[in-house]
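In what follows, a single structure is set out as structure tokens and then discussed.
The sequence lines fix the lettering, A, B, ..., with proteins before strands; numbering per chain opens at 1. Any value given below was found using the heavy atoms of this structure, including those in side chains, with hydrogens, waters and symmetry copies removed.
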Number of protein chains: 2
Amino acid sequence: MTETAAAPAPGTPVTGAGQGTGSPGRAALLRALEELAREQGVSNVGLREVARRAGLSHAAPTHFFGSREGMIRALAFEGLELLDDELCVAQERDAQLPGRERLVSDAKEFVAFAQRHPAHFDAIFRTPSAAAGDGSLDRARRAALDGLRALVAEVHAAGDIGGDVETAFLQLCTLSHGIASLAVDGLLQGLDEVPEGPNAAADVVERIIRAQVAQLP
Amino acid sequence: MTETAAAPAPGTPVTGAGQGTGSPGRAALLRALEELAREQGVSNVGLREVARRAGLSHAAPTHFFGSREGMIRALAFEGLELLDDELCVAQERDAQLPGRERLVSDAKEFVAFAQRHPAHFDAIFRTPSAAAGDGSLDRARRAALDGLRALVAEVHAAGDIGGDVETAFLQLCTLSHGIASLAVDGLLQGLDEVPEGPNAAADVVERIIRAQVAQLP
DNA sequence: CACCTCCGCTTTACATTGTCAAGGCTTTAC
DNA sequence: GTAAAGCCTTGACAATGTAAAGCGGAGGTG
């Protein structure tokens, strides 16, 4: 009984799914939110700050999204569409690679998404409002991961990997999520022993994922 | 150049490491913070709310910790001590299990820590202030993980696992972190297909970790 | 044209928050 | 007995999130 029903604002009352983004102001606000969240972390951005950066009045965000939480929810939905798109094009691109290579690529793509769009990643997976309860977010999140689930099933069906499909899927999901989280927070460097060269993070990511996929039964 | 140097309050000026917790008020504040963070997530707790719950004036937290961020930092340091302790007793307890069993147990222990102390876990690994920069927090975090690093090295030296030690360590770390993060946020249930029985989360955690360790070369 | 009604946003207002400066009370030291 | 230190409070300020009411124009209807 927290507050599942958002305040039904006079205008647009919080778009449930992603369709119908509509007004230019709304889009500008999301852009501003993304920028600020990328700079300070999504949980540190203020409603009024976003409005200022977007060049609107301080109450514009509340008007469109109902509340601060609603605003971040909106960013999460936008991010889920983005994630879905990027994973799809990656899978298409890698369609004729060997099975395990496709798994490696997909996991890498997930991590890369988190690094390219840290604000969206946070909004989707790591913000308190994302945590539990919200049915439609839960469903959308699950849907976005169905691509990976299907890929694992396909590779398994083709005999490229063995063992339990669901377990393999869970391993890839949790590992990718862990790597992505640590990478976004800059904590991967702290883990590894050697400071390394220019793109240390990318190398470590590649190394872990590749080892993981190679070890699947 | 954000603000590495905290405000040197007249009294205790933010304890750098964990030693010398001292005053009763300080401890009460940390208790209150932990309670509230467990209920609402660490990023949603307010300075004044913590003070109220602890039965102190609204400025007490600022007095002891310098700032809101400092307060959470303090929780992080406390949590790191706790984590270190718990991992140590677990390793001691499992000293004579076979090598891979010890790895399984340690990883499970890490996840269990996150579930038992979600506020501490967040403060250590998942709060924006934990992200980058802070040298002493970085060092403490790394130190807390040295136990696991040593264990992996030991098991590897004994010939129970092969391959690259550092990679194995990274795999275990990132996987554990991913599982812990998802579990704390209640997102693990959303991943798995079957709703399952009573302690679904624990079963899934066990399954993933066990598979992972079994697959190490 | 006049009128009405939305849509998109603003203005005003208020309770609450984080932070700062200053001060008081108690304990310890000399 | 006086001084100092530790522990905490009171008071104030700017900034935040949220709610309610209002404004201007576009679009349709008579």
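Look at A/R52 and you'll find a side-chain N or O under 4.0 angstrom from OP1 or OP2 of D/dT16.
Among the nucleotides C/dC9, D/dC7, D/dG17, the one closest to the side chain of B/S23 is D/dC7. Checking D/dT18, C/dT10, D/dT9 against the side-chain heavy atoms of B/A60 singles out D/dT9 as nearest. The nucleotide whose nearest atom lies closest to any side-chain atom of A/A59 is, among D/dA19, C/dG18, D/dC8, D/dA19.
Distance B/F65 CZ to D/dC7 P: 12 Å, rounded to the nearest Å. The nearest whole Å value for the distance from the NE2 atom in B/H63 to the C1' atom in C/dA22 is 14 Å. As a whole-Å value, the separation of A/F64 CZ from C/dC9 C1' is 7 Å. Across the protein-nucleic acid pair, A/R68 atom CZ and D/dT16 atom P stand 12 Å apart, rounded to whole Å.
Side-chain atoms of B/R48 come within donor-acceptor range of the base of C/dG18, with a qualifying N/O pair under 3.5 Å. Between the side chain of B/H58 and the base of D/dG11 there is at least one donor-acceptor pair of N/O atoms closer than 3.5 Å.
Without hydrogens or angle criteria, A/R141 side chain to A/I124 main chain gives a donor-acceptor distance under 3.5 Å. In this structure, the side chain of A/R68 engages the main chain of A/V45 through a donor-acceptor pair within 3.5 Å.
For D/dT29, the paired base is C/dA2 (Watson-Crick or G-U wobble, both distances below 3.5 Å).
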Begin with the C-alpha distance, continue with both residues' side-chain angles, and end with the deciding distance and a verdict on side-chain contact (heavy atoms from CB on, under 4.5 Å) for A/V204 and A/I208. CA-CA 6 Å; A/V204 177; A/I208 302 174; 3.7 Å; yes
May I have the step-by-step check of side-chain contact (heavy atoms from CB on, under 4.5 Å) for A/F110 and A/L83, ending in yes or no? CA-CA 8 Å; A/F110 182 82; A/L83 175 60; 4.1 Å; yes
